[in-house]
Amino acid sequence: MTTFVLVHGAWHGPWAWQRVVPVLRAAGAHTITPDLGADDDHGLHDHAAVVAAALDDVPDEEIVLVGHSYAGLVVREAADARPDTVDHIVLVDGWAGRDGIGMFDLAPAAFATSVRAAAESRGDGRRIPPPSAAAFGIVDPDNAALLDARLLPQPLRTFTESTRLTGAVDHIPGTAIYCEPQTYPFAQFGAALGYRTRALDGPHDVMLTRPQPLARMLLEASLVQNREVRNLE
């Protein structure tokens, strides 16, 4: 049996995976969707600890750890702390790098400047107000309404802290799924880590618009992919 630990990105919550989870479960997999929370006292290391704790609760079975966007940094730090637990890492349009790399190290300078300005002017200097749904490539009115109603402020410290990695995570195989057209160099981030890279047509929040193709790619990352993919068909 395989458990997919699905970790949401910045401004999102576990609900981001609500269309992917039923597809994975129909294929016979288990799923866990940790809630990173939006507490303004939390940072990247706090979020990694939340995910590591979730990994500790998984029974003795294959674990595929999935991180969307900002959570690419989170899942790599969590996996580094539990290298004997995680069997595969999947980044979905994920920000990721080596030890000592954080969000603002990977993002363009203009991104960091605008985020800091938004936190200062509208977030008490500690939280980043959520952008509009369009920033995640979502233009369909129904999906946009879903996002705009649920997006939460993101603690600024999650973007300013840098990952703490021992190098253990680099011995865990990984897949980097990147959405096309690319908004940021997510394919390059994955390739630089030695991950297999795979393209998927869709916006940054592809789990909302193309849950079944995304679920299929996640299943292909598991050790029991042949049985699970057949169940999808």
Side-chain angles (χ1 to χ4, degrees), residues 5-19 33-54 66-78 81 91-97 99-165 178-179 182-186 189 203-209:
V5 181
L6 307 167
V7 186
H8 64 83
W11 297 290
H12 290 61
W15 51 265
W17 301 103
Q18 65 185 15
R19 297 175 183 175
T33 54
D35 188 353
L36 300 184
D39 192 306
D40 61 3
D41 290 329
H42 285 178
L44 169 63
H45 307 311
D46 298 309
H47 286 171
V50 169
V51 175
V66 183
H68 174 243
S69 194
Y70 151 75
L73 295 164
V74 175
V75 299
R76 278 182 49 83
E77 183 166 315
L91 308 177
V92 180
D93 251 11
W95 301 89
D99 177 48
I101 295 296
M103 187 76 168
F104 284 164
D105 299 304
L106 297 168
F111 176 91
T113 298
S114 64
V115 161
R116 289 182 186 276
E120 188 63 35
S121 63
R122 295 183 288 127
D124 299 325
R126 295 180 300 175
R127 297 198 297 173
I128 312 161
S132 68
F136 302 98
I138 301 299
V139 294
D140 171 77
D142 290 338
N143 285 328
L146 171 72
L147 273 186
D148 288 333
R150 293 187 173 183
L151 293 174
L152 298 169
Q154 179 76 8
L156 179 62
R157 196 153 59 88
T158 60
F159 285 9
T160 59
E161 289 185 351
S162 301
T163 50
R164 298 171 181 164
L165 306 176
Y178 62 95
C179 299
Q182 287 194 82
T183 52
Y184 294 104
F186 296 115
F189 295 154
H204 185 60
D205 271 14
V206 69
M207 61 280 190
L208 297 180
T209 63

Closest heavy-atom pair, Gly100 versus Asp105, reported as atoms and distance to 0.1 Å, is O-OD2, 3.7 Å

Mind checking whether Phe186 and Tyr184 have parallel, tilted or perpendicular rings, split at 30° and 60°? perpendicular

> Quick one: does Gln154's side chain get under 4.5 Å of Arg127's, heavy atoms only?
Replying inline: no

**Request:** Test Ile101 against Phe189 for side-chain contact (heavy atoms from CB on, under 4.5 Å), laying out the working first.
**Result:** CA-CA 11 Å; Ile101 295 296; Phe189 295 154; over 6 Å; no

CD1 (Ile138) and NE2 (His204) are apart, to the nearest 0.5 Å, by 10.0 Å

### Task
Determine, stepwise, if the pair Val5 / Val66 fulfils side-chain contact (heavy atoms from CB on, under 4.5 Å).
CA-CA 6 Å; Val5 181; Val66 183; over 6 Å; no

Taken to the nearest 0.5 Å, the spacing of Leu44 CG from Thr158 OG1 works out to 7.5 Å

When every non-hydrogen atom of Pro34 is compared with those of Pro14, the smallest separation belongs to O-CG, 3.7 Å

Show me the donor-acceptor pairs within less than 3.5 Å that the side chains of residues 114-121 make with the rest of the protein, sequence neighbours left out.
| residue | atom | partner | partner atom | Å |
| --- | --- | --- | --- | --- |
| Ser114 | OG | Ala110 | O | 3.2 |
| Ser114 | OG | Phe111 | O | 2.9 |
| Ser121 | OG | Ala117 | O | 2.9 |

Output for pair (Ser69 OG, Met207 CE), nearest 0.5 Å, gives 8.0 Å

Fill in: Donor-acceptor pair, side chain of Asp35 and main chain of Gly37, under 3.5 angstrom
yes

Nearest heavy-atom approach of Ala48 to Ala78 is O-CB, 3.6 Å

(Q) Closer than 3.5 angstrom, by distance alone: can the side chain of His45 be matched with the main-chain N or O of Gly43 as a donor-acceptor pair? (A) no

### Query
Quick check, are the ring centers of Phe159 and Trp11 under 6.0 angstrom apart?
yes

Output for pair (Phe136 CZ, Cys179 SG), nearest 0.5 Å, gives 13.0 Å

Between Thr163 and Leu73, is there a donor-acceptor pair closer than 3.5 Å when you use the side chain of the first and the backbone of the second?
no

Report, one line per pair, each donor and acceptor closer than 3.5 Å where one atom sits in a side chain of residues 140-153; sequence neighbours left out.
| residue | atom | partner | partner atom | Å |
| --- | --- | --- | --- | --- |
| Asp140 | OD2 | Asp142 | N | 3.2 |
| Asp140 | OD2 | Asn143 | N | 3.0 |
| Asn143 | OD1 | Arg19 | NH1 | 2.8 |
| Asn143 | OD1 | Arg19 | NH2 | 3.1 |
| Asp148 | OD1 | Ala133 | N | 3.1 |
| Arg150 | NH1 | Gln18 | OE1 | 3.1 |

Sorted by chain and residue number, the side-chain hydrogen bond (donor to acceptor under 3.5 Å, both in side chains) partners of His8 (sequence neighbours excluded) come out as none

With side-chain hydrogen bond (donor to acceptor under 3.5 Å, both in side chains) as the test, would you mind laying out the steps for His47 and Tyr70 before giving the verdict?
-> CA-CA 11 Å; His47 286 171; Tyr70 151 75; 2.9 Å; yes

When rounded to the nearest 0.5 Å, the distance separating CZ of Arg76 from CG of Asp99 is 9.5 Å

- Between Thr33 and Val7, is a side-chain contact (heavy atoms from CB on, under 4.5 Å) present by the stated rule, with each step listed? CA-CA 6 Å; Thr33 54; Val7 186; over 6 Å; no

